[in-house]
Amino acid sequence: MGAAAQPQLLSEAGYATTLGSEYSQLEPENVMKFSFVHPRPNTDPAPYDFTQADQLVAFAEQNSMRVRGHTLVWHKQLSGWLTSGIAAGTYRSSDLNFILQDHITTVMRHYAGRVYAWDVVNEAFNGDGTLAHTVWYDSPGIGLAGRGTAYIEQALSWAHAGDPNAKRFYNDFGAETLNAKSDAIYQMARDFKQRGVPLDGLGFQLHVNLSFDNPNTLDSFAQNVKRFSDLGMEIHFTEFDAALDGGDPQRFASQGDLYRKVTLVCVQNPNCKVFQTWGFTDKYSWIPQSTNNQQGWALPFDLNYNKKPAYFGMLNALTGQ
Ligand code: XIL
């Protein structure tokens, strides 16, 4: 059972106590992303900065929690030096190839033995199943533009060299049910499996709302998880939250039921090893900020770290009560 966490909040007693006592895994919500760990160009004497991520890893170790790494190859939350250098034409594909390889290997080596699994690649596909045009794929890319998932394969191979003992994941949103996006990811995973490309698992983000609590949706979700698991992939639910339009008891009860049903899908699949929420308290959730304050209340603890029905929904699924 995991939660995304932020190091600057660990000084708040309720935050640290709840995180350290209720969860067995944490994942940095932001501080292992490119802009945080790689704030300066490779030509700088100190291109990398692990200060904030190290704080979280130390907290996890003090509290006997595992750490899941997030994320190495993503087109968001990149450093200004990189995006402005690409825009200016300073960095071409051969430079980006070097920068990404160095990034993956340096970050993974820094955390070797301390981070047991990595979202190596995050959100590479569009909803229609095509590959997103990103700085790493083809804009300008690392030199494998137009060659489909070859750049993802390259990143996974570099990740294998960075820490051969860490599990390598592909992580995405909107690929929870059977649809064009999950079909494309499935084709990639099957191809990688057949050719021995080092992909160990799939991360399903699961940023949902109460509309996900629909028999057809939940059935499609369970079938989709099963097909990846049947390929021999490990499954992690990585960023679950269930956004609400209001914080009233009735909505909290419905949310609790959805938490129970989604947790059950993991519990009932032997290859599903991680159920993780994106944060754990409604006090610090990305949902209000990302929905212009139209939605919130998405997590299992309320603003005062009291357990909501969502918490008991997860517990119920885990204990079969
Ligand atoms: C989000 C964080 O929660 C926010 O604090 C940040 O401002 C933007 O990123 N998919 C992902 C996560 O893989 O990294 C994102 O996290 C949420 C969507």
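Every number for a ligand or one of its atoms is a count from 1 in the order of the listing.
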Ligand 1 contacted by Trp74 (non-hydrogen, < 4.0 Å): yes
Could you tell me which residues satisfy side chain to side chain contact (heavy atoms under 4.5 Å, CB included) with Ser79, sequence neighbours excluded, listed by chain and number? Phe34, Ser35, Trp81
Return yes or no for this condition: an N or O of Lys33 is under 3.5 Å from an N or O of ligand 1. yes
Any N/O of Asn122 closer than 3.5 Å to an N/O of ligand 1? yes
Determine, using ring centers only, whether His103 and Trp136 are less than 6.0 Å apart. no
Based purely on interatomic distance, does Glu123 place a nitrogen or oxygen under 3.5 Å from a nitrogen or oxygen of ligand 1? yes
Is there a polar contact, in the sense of an N or O pair closer than 3.5 Å, between Gln205 and ligand 1? yes
Are Phe240 and Phe204 close enough that their ring centres sit under 6.0 Å apart? no
Aromatic rings Phe125 and Tyr170: how do their planes relate, parallel, tilted or perpendicular, breaks at 30° and 60°? perpendicular
So that I know where these two stand, are Phe173 and His207 an aromatic pair - ring centroids less than 6.0 Å apart? no
Relative to atom 7 (O) of ligand 1, which among His70, Glu29, Gln6, Gln289 owns the nearest non-hydrogen atom? Gln289
Nearest candidate to atom 6 (C) of ligand 1, where distance is taken over non-hydrogen atoms, out of Thr71, Asp172, Asn30, Asp241: Asn30
